[in-house]
Amino acid sequence: MNFIKNPKEILVQFSRWISDLDRRLLLLILLPILLFIYVSLLSINANTTRKSFSNFGPFKSIFKNYSPISHDDDVQNKTQPEPKKGPRIAVCLVGGARRFELTGPSIVKRILKVYNNSDLFLHSPLDSNTYKFTLLKKAPRIAAVKIFRPQLIPETESQLRVLTSQNSPNGIQGLLQYFNLVEGCLTMIQSYQEKNNFTYDWIIRTRVDGYWSKRLAPDNFIPGQYVVPPGSSYGGLNDRFGVGDVNSSIVALSRLSMVPELDSAGFTQLNSETAFKAQLTTRKVPYVTKPLPFCIVTDRQYDFPPARFGVPVAALSSPGALSGAKCRPCTPVCTGSCVGPIMSRLDKGWSWTEWANNTVQLCDAHDKWENGWEKIFDRVAGKKLAAVRKEVWSLKIEQCINDFEKLRNRTASWETPPVAEICGLGLKSK
Ligand SMILES: *[C@@H]1O[C@H](CO)[C@@H](O)[C@H](O)[C@H]1NC(C)=O
Ligand SMILES: *[C@@H]1O[C@H](CO)[C@@H](O)[C@H](O)[C@H]1NC(C)=O
Ligand SMILES: *[C@@H]1O[C@H](CO)[C@@H](O)[C@H](O)[C@H]1NC(C)=O
Ligand SMILES: *[C@@H]1O[C@H](CO)[C@@H](O)[C@H](O)[C@H]1NC(C)=O
Ligand SMILES: *[C@@H]1O[C@H](CO)[C@@H](O)[C@H](O)[C@H]1NC(C)=O
Ligand SMILES: *[C@@H]1O[C@H](CO)[C@@H](O)[C@H](O)[C@H]1NC(C)=O
């Protein structure tokens with residue numbers, strides 16, 4: 001008997017034995033396969049092999065019935081049922097991609113990956129940031145993508161009567177653009193449902209510029225209720241997020257096509273939030289508010305401290321649910337007992353948001369984002385999300401085009417300008 005003296009030697013012996021075994025196994029496996037290929041090639045017309053290798057009958061059938069050798073009987077137990085899927089959910093994502101490198105990864109991680117039977121629908125206007133949607137390659141399932149060149153939407157008489165141009169430099173056009181974005185997403189979902197002969201259990205409506213600090217919890221899916229966040233209600237209902245079944249979502253998302261109905265009901269001078277509320281009340285869709293862990297990342301500048309009808313800007317790092325309040329990555333200037341006095345001055349029916357229990361920390365947002373905001377963001381978001389941000393920033397045009405081609409290949413409905421143009425718009429100068 002060979003006496004093995006030390007562990008190193010055991011290892012050497014062992015690896016020799018393994019590699020011997022490897023060779024024998026390889027031969028054993030390879031021989032029949034080679035024989036099989038040889039016989040198969042003889043029996044078919046050489047012209048067809050090149051074209052349809054994947055449809056090649058014999059290969060198809062062996063690979064279909066082939067299952068890896070396993071000593072675990074459970075794996076091969078065919079009577080075991082398929083793993084159960086959760087409720088069918090359509091996630092409608094609308095808006096421009098401005099800071100999508102910050103918000104996108106959080107949406108993928110905390111909404112799309114949380115619900116294992118959800119499909120993404122993206123509706124967005126083309127601009128120089130559209131290339132950032134390449135990061136959707138990390139999304140588990142994408143049903144439809146529509147990216148369009150922005151166009152002026154003609155204004156109808158009833159729209160001019162019902163909607164207000166207050167707070168908008170472009171008249172009611174800005175409102176119409178936003179409404180079109182939202183309703184277009186509903187249209188995409190409905191057409192996908194018809195094509196595939198099924199209906200979703202839930203539709204989640206959310207925004208490209210939303211940063212999610214925690215996952216969207218399952219208790220926000222309430223039968224018979226449309227769920228929206230509290231606060232930021234501007235005289236109506238917070239319209240920065242919503243979830244409900246298909247029927248109530250049709251009402252909530254029909255933002256353009258319901259205008260004539262609101263007109264008939266006598267509504268005038270509506271902003272986005274009051275129009276949203278009017279849609280639900282006129283169709284008698286019950287709604288409920290629930291705190292939600294996201295904020296709207298904005299580059300806009302706002303006076304600090306905010307006046308009664310001003311806009312508070314929360315730190316992205318705020319500990320609580322911001323329910324769609326505006327935010328940016330900042331070093332908060334106001335925390336703890338400083339927050340109450342400032343937030344209490346805000347009109348409760350306007351830009352106010354829940355701040356009790358230290359949910360909110362405030363930024364002084366009167367200037368552009370502070371130097372070093374990237375580090376602040378990375379620290380708050382964590383390593384994985386920070387890595388995606390950096391990936392997007394270092395993206396090259398060729399990689400961008402390649403990523404989009406891959407995305408397109410797994411998206412049932414793809415309506416966009418040429419991907420070379422999308423990538424070129426944002427990355428040409430880099
Ligand atoms: C495997 O299938 C048999 C019936 O063929 C069933 O009785 C048994 O419970 C199954 N085992 C598992 C682990 O599902
Ligand atoms: C999907 O999620 C549901 C809960 O929504 C769960 O019951 C189910 O086991 C999950 N299925 C898979 C395959 O992960
Ligand atoms: C659609 O699905 C229903 C049942 O879910 C079925 O009865 C019907 O035949 C299907 N229609 C088409 C066109 O496949
Ligand atoms: C949705 O509306 C359709 C008709 O508009 C109705 O047949 C269906 O029962 C409704 N579904 C639910 C869940 O309320
Ligand atoms: C704040 O915390 C207290 C105690 O946990 C709780 O009763 C109250 O509802 C909370 N307020 C808000 C607005 O979350
Ligand atoms: C996408 O699919 C087409 C044909 O279906 C194929 O030619 C192309 O190589 C695929 N592109 C990528 C990036 O997978």
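Remember, it's 1-based here, ligands and their atoms both numbered in the order they're listed.
Heavy-atom proximity to Asn116, at under 4.0 Å, picks out these atoms of ligand 2: 1 (C), 2 (O), 3 (C), 8 (C), 10 (C), 11 (N), 12 (C), 14 (O). With ligand atoms numbered from 1 in the order given, ligand 2 contributes 1 (C), 8 (C), 9 (O), 10 (C), 11 (N), 12 (C), 13 (C) to contacts under 4.0 Å with heavy atoms of Lys84.
For ligand 4, none of its N or O atoms has an N or O atom of Asp245 under 3.5 Å away.
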Enumerate the pairs of nitrogen or oxygen atoms, one from ligand 3 and one from the protein, separated by less than 3.5 angstrom; state names and distance to 0.1 Å.
unit_1	atom_1	unit_2	atom_2	d
ligand 3	2 (O)	Asn197	ND2	2.4
ligand 3	11 (N)	Asn197	ND2	2.8
ligand 3	14 (O)	Asn197	ND2	3.2

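Among residue pairs with one or both ends in residues 152-163, those qualifying as side-chain hydrogen bond (donor to acceptor under 3.5 Å, both in side chains) are Glu155-Gln173, Thr156-Gln159, Arg161-Asp263; sequence neighbours excluded.
Between Phe294 and Phe241, the distance separating the two ring centers is shorter than 6.0 angstrom. Proximity of the aromatic rings of Tyr234 and Phe276 is defined here by a centroid distance below 6.0 angstrom, and this criterion is not met.
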Side-chain donor-acceptor distances from residues 317-326 under 3.5 Å, at least two apart:
unit_1	atom_1	unit_2	atom_2	d
Ser318	OG	Ala315	O	2.7
Ser318	OG	Gln361	N	3.1
Ser318	OG	Gln361	O	3.3
Ser323	OG	Leu292	N	3.1
Lys326	NZ	Tyr302	OH	3.2

Give the table of side-chain donor-acceptor pairs shorter than 3.5 Å for residues 192-200, with sequence neighbours excluded, one pair per line with atom names and distance.
unit_1	atom_1	unit_2	atom_2	d
Gln193	OE1	Tyr200	N	2.7
Asn196	ND2	Tyr192	O	2.9
Tyr200	OH	Asp119	OD2	2.6

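In this structure, a donor-acceptor pair under 3.5 Å is present between the side chains of Arg141 and Asn117.
Counting non-hydrogen atoms of neighbouring residues, nucleotides and ligands closer than 6.0 angstrom, the NZ atom of Lys137 exceeds 12 such neighbours.
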